[in-house]
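Here the structure is laid out as structure tokens; the discussion comes afterwards.
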Amino acid sequence: MGGVGRVGRTPLAGGGVRYDLVTRERGRVAVVARPDGSRTLSVYRGDDCDDTAVSLVLDADEAAAVVDALLPSHHSPSLLSTAELGLVAERIEVPSASPWDGRVLGDTRMRTETGVSVVAVLRRAEAIPSPGPGFRLAGGDTLIVIGTREGVGVAAGILGRTGP
């Protein structure tokens with residue numbers, strides 16, 4: 001992997017995702033990301049994931065502030081800090097057996113119902129920027145969205161519901 005650490009991603013029952021990172025120096029870190037925007041950050045003493053050195057529970061605003069501090073956006077005045085604007089950027093996956101599979105993005109009425117904008121769709125190894133309402137969704141797509149925390153939660157619910 002070059003000098004980059006390994007990252008594992010595990011979906012959690014009830015929503016959310018656990019990200020496990022092994023750094024170049026063999027340090028272990030885990031982040032549990034919950035649908036409400038809260039995060040739990042854990043650092044482990046060694047290879048044993050039960051031997052936690054530090055564990056921090058962060059609400060959505062605190063997590064956004066940590067992300068903002070870790071990303072270079074605060075060093076460039078031309079980039080926006082979503083946390084300062086009250087916005088979040090999230091990934092929402094279209095389930096593989098979704099009723100939205102093959103339907104157009106406009107049918108979801110996500111922007112109308114939530115105010116959330118879909119800024120890109122990740123499909124396999126391809127990124128499709130700025131999809132319009134006529135863009136045809138596919139199960140397994142990941143939508144990159146930006147909006148309020150509440151709006152993003154409602155948008156995730158729209159994509160996860162069993163029927164349009």
Side-chain angles (χ1 to χ4, degrees), residues 1 4-21 29-41 57-164:
M1 285 206 171
V4 179
R6 296 186 323 265
V7 177
R9 182 175 188 244
T10 307
L12 300 174
V17 178
R18 178 185 166 122
Y19 298 92
D20 291 288
L21 170 70
V29 177
V31 176
V32 174
R34 291 180 193 76
D36 67 357
S38 66
R39 304 290 192 258
T40 300
L41 172 68
V57 177
L58 306 169
D59 67 22
D61 292 334
E62 293 164 336
V66 169
V67 168
D68 193 48
L70 292 171
L71 293 175
S73 65
H74 70 285
H75 298 293
S76 172
S78 64
L79 295 177
L80 295 174
S81 168
T82 56
E84 291 172 9
L85 298 173
L87 301 173
V88 296
E90 292 279 339
R91 295 173 182 238
I92 302 175
E93 188 170 334
V94 178
S96 56
S98 173
W100 299 110
D101 185 18
R103 300 202 48 198
V104 296
L105 181 59
D107 286 351
T108 67
R109 298 186 40 81
M110 260 198 306
R111 185 173 180 119
T112 303
E113 291 185 24
T114 69
V116 166
S117 294
V118 178
V119 296
V121 174
L122 306 178
R123 181 176 286 165
R124 295 182 210 102
E126 182 181 9
I128 302 140
S130 303
F135 177 82
R136 209 159 283 284
L137 295 168
D141 282 351
T142 299
L143 280 59
I144 307 298
V145 301
I146 190 164
T148 64
R149 165 64 43 216
E150 180 183 358
V152 168
V154 173
I158 289 171
L159 289 174
R161 65 185 177 206
T162 56

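Please read all numbers here as calculations on a predicted model, not as lab measurements.
Scanning for side-chain contact (heavy atoms from CB on, under 4.5 Å) contacts around D101 gives A138, with sequence neighbours left out. For P35, there are no side-chain contact (heavy atoms from CB on, under 4.5 Å) partners at least two apart in sequence or on another chain. Listed by chain and residue number, V17, Y19, E93 satisfy the side-chain contact (heavy atoms from CB on, under 4.5 Å) test with R9 (two or more places apart in sequence, or in another chain). With sequence neighbours excluded, the residues that form a side-chain hydrogen bond (donor to acceptor under 3.5 Å, both in side chains) with T40 are R34.
Here the closest heavy-atom approach between residue R18 and residue A30 is recorded as NH2-CB, 3.6 Å. Heavy-atom minimum distance, V104 versus P133: CB-O, 3.4 Å. Looking at every heavy atom in both residues, P95 comes nearest to L159 through CD-O, 3.5 Å.
Note on residues 128-140: no pairs pass side chain to side chain donor-acceptor pair (under 3.5 Å), not counting sequence neighbours. Among residue pairs with one or both ends in residues 137-154, those qualifying as side chain to side chain donor-acceptor pair (under 3.5 Å) are E90-R149, R123-D141; sequence neighbours excluded.
Put simply, CD1 on I158 and CG on D107 are 12.0 Å apart, with the number rounded to the nearest 0.5 Å. Note that CG of L143 and CZ of F135 are 7.5 Å apart. Values are rounded to the nearest 0.5 Å.
For the pair T108 and V118, the minimum side-chain heavy-atom distance is 4.5 Å or more.
No donor-acceptor pair closer than 3.5 Å links the side chain of S117 to the backbone N or O of V119. Of the possible donor and acceptor atoms, none in the side chain of R111 sits under 3.5 Å from a partner among the backbone N and O of R109.
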- Task: Under the side-chain contact (heavy atoms from CB on, under 4.5 Å) rule, what do R91 and L122 come out as? Steps first, then yes or no, please.
- Result: CA-CA 9 Å; R91 295 173 182 238; L122 306 178; 3.4 Å; yes
